[in-house]
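Note: hydrogens, waters and symmetry copies are ignored here, and every other heavy atom, side chains too, is used. This one's a predicted model, so the numbers in the text were calculated from it and none came from an experiment.
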Amino acid sequence: MQQVPLIPAKTIISRVKAASAWFGAEYNMNIYRGCSHGCIYCDSRSDCYRNHDFDTVKAKENALELIRDELRRKVQTGVIATGSMSDPYNLAERDLKLTRHALELIHAYDFGVAIATKSALAARDGDVLQDIKSHSPTLVKISITTADDTLASKIEPHVSTPTERFEALRILAGQGIYCGVLMMPVLPFLEDTEENVLAIIRKAKEAGAKFVFPAFGMTLRPGNREYYYRKLDEVFPGVKEKHIKRYGDRYQCTSPHAKKLWSIATAECVRLGLLYDMRTITRQYKAGYGERQLTFL
């Protein structure tokens, strides 16, 4: 079994402000700190998060006991989001199963869940997600930024391939789990082509996804910017210079083709019957669970 450093924690589940809720979650949960996926663009590397050994996965000490006690004390149930700062299905999760056991606790205390991940390992926990779905909203968002396995291996070197992630979607959708694709970030000069965008949307539909949520561009902050530029020089020579010429030190780096890609993507989603608007996605996966689960709307 993989040895993972432990770090102290006083709390793991925090309340989310309604104005900033992501896909309608009332709470946020991060069991791990850092990530082993090696994505060259990850915003969580930014200096503002003060995680200078980001590539080393650490687990929060006594995580399951903390989660159990926090859930037991919550006056109001709701949807718990996970995956905002560290992928809940990083490589260590295969052995540790902290995310799986946390989902079991979420089920036991009648909460819902909204998972964001790049890993096909999420399909392992379809049985627990079905249990949660029996009483509360359940959502799985799998991030796929390119349909090309070879390109993905350079941008996200230690993640499940896009082919594996589409298969995970197929498995989860087949179990009745509400799931879809986060097509974000679509990296300028690398992934922002009509062919790539349409390929992701069509493969998502084939896999049984309910939605594709796009963002054509990326963000760069100090710390993450330097890392990204270094990796561009290593893997994609010449792209850094294009990036700097267009964006300088800008935080928001919107694809120069964003307007066209948005038009193409939304039209294809409509044609295939896929959702792409967050409010509609949120309303759909929470439908039928009562007014207490619709506070975000």
I want to check something: taking the side chain as every heavy atom from C-beta on, are [X] and [Y] in contact at a cut-off of under 4.5 Å?
{"X": "Glu93", "Y": "Tyr32", "answer": "yes"}
{"X": "Thr219", "Y": "Tyr41", "answer": "no"}
{"X": "Val140", "Y": "Leu129", "answer": "yes"}
{"X": "Ile281", "Y": "Tyr276", "answer": "no"}

Problem set entry | N-O pairing of Glu226 and Lys240 below 4.0 Å |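 Answer for the salt bridge query: no.
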For this session: Before accepting this row, confirm whether a basic side-chain N of the pair Asp43/Arg221 lies closer than 4.0 Å to the acidic partner's carboxylate O.
Result: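 Salt bridge flag = yes for Arg221 with Asp43.
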For this session: Begin with the C-alpha distance, continue with both residues' side-chain angles, and end with the deciding distance and a verdict on side-chain contact (heavy atoms from CB on, under 4.5 Å) for Thr280 and Tyr285.
Result: CA-CA 9 Å; Thr280 309; Tyr285 94 87; over 6 Å; no
Exercise. Same cluster or not: are Leu105 and Ile132 linked, directly or through other Ile, Leu, Val, Met, Phe, Trp or Tyr residues, by side-chain heavy atoms under 4.5 angstrom apart?
Worked result: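 Hydrophobic grouping puts Leu105 with Ile132.
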Problem set entry | ring pair (Phe, Tyr, Trp, His ring centres under 6.0 Å) contacts in which one or both residues fall within residues 47-97, not counting sequence neighbours |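 Sorted result for residues 47-97: empty, none.
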With sequence neighbours left out, write down each residue that passes ring-ring contact (aromatic ring centres under 6.0 Å, His included) with [X], or none if nothing qualifies.
{"X": "Tyr228", "answer": "His243"}
{"X": "Phe213", "answer": "Trp22, Phe23"}
{"X": "His101", "answer": "none"}

Problem set entry | Partner set under side-chain contact (heavy atoms from CB on, under 4.5 Å) for Asn62, not counting sequence neighbours |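 Residues passing side-chain contact (heavy atoms from CB on, under 4.5 Å) with Asn62: Glu65.
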Exercise. side-chain contact (heavy atoms from CB on, under 4.5 Å) with Glu241: which residues, sequence neighbours excluded?
Worked result: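 With neighbours one apart ignored, the set is Asp233.
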For this session: Sequence neighbours left out, what passes salt bridge (charged side-chain N to carboxylate O under 4.0 Å, His left out) with Lys231? Give chain and number order.
Result: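 With neighbours one apart ignored, the set is Glu234.
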Exercise. Excluding sequence neighbours, so at least two apart, what forms salt bridge (charged side-chain N to carboxylate O under 4.0 Å, His left out) with Lys203?
Worked result: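 Not a single residue meets the salt bridge (charged side-chain N to carboxylate O under 4.0 Å, His left out) criterion with Lys203.
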Exercise. Who passes side-chain hydrogen bond (donor to acceptor under 3.5 Å, both in side chains) against Glu268, sequence neighbours left out?
Worked result: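 Testing Glu268 for side-chain hydrogen bond (donor to acceptor under 3.5 Å, both in side chains), a comparison that skips the adjacent residues, returns Arg202, Arg271.
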Exercise. Can you name the residues that form a side-chain hydrogen bond (donor to acceptor under 3.5 Å, both in side chains) with Ser119, not counting sequence neighbours?
Worked result: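 Partners of Ser119 under the side-chain hydrogen bond (donor to acceptor under 3.5 Å, both in side chains) test: none.
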For residues 258-266, dump all side-chain donor-acceptor pairs below 3.5 Å to protein atoms at least two apart in sequence or in another chain.
from   : atom 1 : to     : atom 2 : distance (Å)
Thr266 : OG1    : Trp262 : O      : 2.8
Thr266 : OG1    : Ser263 : O      : 3.3

Exercise. In this structure, are over 12 heavy atoms from other groups packed under 6.0 Å from Lys58 atom NZ?
Worked result: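 Enclosed: over 12 neighbouring heavy atoms sit under 6.0 Å from NZ of Lys58.
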What side-chain donor-acceptor pairs closer than 3.5 Å can you find for residues 164-176, not counting sequence neighbours?
from   : atom 1 : to     : atom 2 : distance (Å)
Glu164 : OE1    : Thr161 : N      : 2.8
Glu164 : OE1    : Thr161 : OG1    : 3.4
Arg165 : NE     : Lys118 : O      : 3.3
Arg165 : NE     : Ser160 : O      : 2.9
Arg165 : NH1    : Ser143 : O      : 2.7
Arg165 : NH1    : Glu156 : OE1    : 3.4
Arg165 : NH2    : Glu156 : OE1    : 2.8
Arg165 : NH2    : Ser160 : O      : 2.9
Glu167 : OE1    : Arg170 : NE     : 2.9
Glu167 : OE2    : Arg170 : NE     : 3.1
Glu167 : OE2    : Arg170 : NH2    : 2.5

When you compare the side chains of [X] and [Y], does any donor N or O come within less than 3.5 Å of an acceptor on the partner?
{"X": "Ser14", "Y": "Asn28", "value": "no"}
{"X": "Thr11", "Y": "Glu70", "value": "yes"}
{"X": "Thr117", "Y": "Asp87", "value": "yes"}

For this session: Over all heavy atoms of both residues, which pair between Lys205 and Leu272 is shortest? Give the atoms and the distance, please.
Result: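 Here Lys205 and Leu272 meet closest at NZ-O, 2.9 Å.
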